[in-house]
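Here the structure is laid out as structure tokens; the discussion comes afterwards.
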Amino acid sequence: MSSHQREFLCKVLVVGDLGVGKTSIIQRYVHNIYSQCYRATIGVDFALKILNWDQDTVVRLQLWDIAGQERFGHMTRLYYREAVGALVVCDMGREATLQSVERWKEDLDSKVCLQNGRPIPVILLRNKCDQLPAGSRTRNLKEMGKELGFSDCHLTSAKENVNIDEAISCLIKEIIAND
Ligand code: GTP
Ligand code: MG
């Protein structure tokens with residue numbers, strides 16, 4: 001790193017119901033791998049990705065992969081501390097997981113905020129878009145995200161590597177803009 005470069009340390013939370021694909025999204029993003037087999041995360045897992053964001057900026061992105069089952073636990077307040085952004089993930093094929101994104105958003109808003117007191121930026125990912133029947137239409141995504149209080153919303157597939165980089169880049173842009 002040359003002397004004029006600045007380094008951003010970003011703690012980003014990844015939350016959402018059981019089995020929606022949080023771990024798969026992180027594995028795809030950080031290691032470009034994907035596995036069909038499902039092993040539920042216990043508690044929390046971590047992953048780090050270092051990005052040469054631009055000529056002047058290195059981003060050390062720390063992803064906190066929080067188990068879906070933690071929604072019913074009491075640990076999230078601890079896990080959320082000092083986070084500067086979050087991804088809330090749901091499974092396009094399971095309506096119930098979309099219903100819970102509001103609860104995840106409320107959980108985040110009630111337990112973590114930026115140093116200036118404003119809410120952290122949160123992006124909604126509707127994952128497993130590879131399972132959409134061909135030709136099916138989705139409601140205007142951005143509008144839907146805004147209605148639910150998210151700064152943005154993306155259709156993603158960890159399986160086919162669709163929109164993962166784009167969505168996370170959007171979040172990092174917001175985090176850097178907030179600094
Ligand atoms: P918890 O750790 O229990 O909270 O689940 P999770 O959100 O981490 O889900 P995980 O990434 O383990 O994925 C659950 C299952 O969905 C696995 O069998 C994955 O292979 C599958 N899966 C994940 N992403 C996709 C996707 O984009 N498309 C399809 N078709 N399957 C996916
Ligand atoms: Mg997991």
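When a residue number appears, it is its place in the shown sequence, counting from 1. Note that these values count all heavy atoms, side chains included, but never hydrogens, waters or copies made by symmetry. When a ligand or atom number is given, it counts from 1 through the structure's own listing order. Predicted model, so just to flag it, every value in this text is computed and none were measured.
- Follow the hydrophobic side-chain contacts under 4.5 Å out from Leu18 and you never reach Val15; the two are in separate clusters.
- For atom 31 (N) of ligand 1, the nearest protein heavy atom (residue, atom name, distance) is Tyr34 OH, 3.1 Å.
- For atom 20 (O) of ligand 1, the candidate residues are Gly21, Ser35, Ser24; the nearest heavy-atom contact is made by Ser35.
- Nearest to atom 24 (N) of ligand 1 among the protein's heavy atoms is Asn127 ND2, 3.2 Å.
- The protein heavy atom nearest to atom 18 (O) of ligand 1 is Gln36 O, 2.6 Å.
- Connection of Val162 to Val89 is not established within any shared hydrophobic cluster, with ILVMFWY side chains joined at heavy-atom distances below 4.5 Å, either directly or through further cluster members.
- Relative ring orientation between Trp64 and Tyr79 is described as tilted, the plane-to-plane angle lying within the 30° to 60° band.
- The shortest contact between atom 16 (O) of ligand 1 and any protein heavy atom is with Lys128 NZ, 3.0 Å.
- The shortest N or O to N or O distance between Gly19 and ligand 1 is below 3.5 Å.
- Follow the hydrophobic side-chain contacts under 4.5 Å out from Leu9 and you never reach Val84; the two are in separate clusters.
- Neither the backbone nor the side chain of Gln27 has a heavy atom within less than 4.0 Å of ligand 1.
- Between Ala40 and ligand 1, not a single N/O pair is under 3.5 Å apart.
- Using a 4.0 Å cut-off between a side-chain N of Lys or Arg and a carboxylate O of Asp or Glu, Asp17 and Arg71 qualify as a salt bridge.
- Considering backbone and side-chain N/O atoms, Gly68 comes within less than 3.5 Å of an N/O atom of ligand 1.
- Within ligand 1, counting atoms from 1 as listed, the ones closer than 4.0 Å to a heavy atom of Ser157 are 27 (O).
- For atom 7 (O) of ligand 1, the nearest non-hydrogen atom of the protein is Lys22 NZ, 2.7 Å.
- Closest to atom 30 (N) of ligand 1, if we only count protein heavy atoms, is Asp130 OD2, 2.9 Å.
- Ranking the protein heavy atoms by distance from atom 27 (O) of ligand 1 puts Ala158 N, 2.8 Å first.
- Counting atoms of ligand 1 from 1 in the listed order, those under 4.0 Å from a heavy atom of Thr41 are 1 (P), 2 (O), 3 (O).
- Distance check: Ile25 CD1 to Thr156 OG1 gives 4.5 Å after rounding to the nearest 0.5 Å.
- The ligand atoms of ligand 1 that sit less than 4.0 angstrom from a heavy atom of Gln131 are 30 (N).
- Checked by distance only, ligand 1 and Lys159 come closer than 3.5 Å through their nitrogen or oxygen atoms.
- Ligand 1 does not have Gly16 within reach: every non-hydrogen atom of the residue lies 4.0 Å or more from it.
- Side-chain contact annotation: Ser35 with Gln27, donor-acceptor N/O pair under 3.5 Å absent.
- You'll find the side chain of Cys113 stays beyond 4.5 Å of the side chain of Tyr80, heavy atoms only.
- Within a 6.0 Å radius of NZ in Lys173, other residues, nucleotides and ligands contribute 12 heavy atoms or fewer.
- Among the atoms of Thr41, an N, O or S atom falls under 2.8 Å from the Mg ion (ligand 2).
- Atom CD of Gln115 has 12 or fewer heavy atoms from other residues, nucleotides or ligands within 6.0 Å.
- Side-chain atoms of Thr41 and Lys22 include no donor-acceptor pair closer than 3.5 Å.
- Checked by atom type, the side-chain pair Thr23/Asp45 shows no donor-acceptor distance below 3.5 Å.
- Counting only heavy atoms of the protein, atom 12 (O) of ligand 1 lies nearest to Tyr38 CD1, 3.3 Å.
- Considering backbone and side-chain N/O atoms, Gln69 never comes within less than 3.5 Å of an N/O atom of ligand 1.
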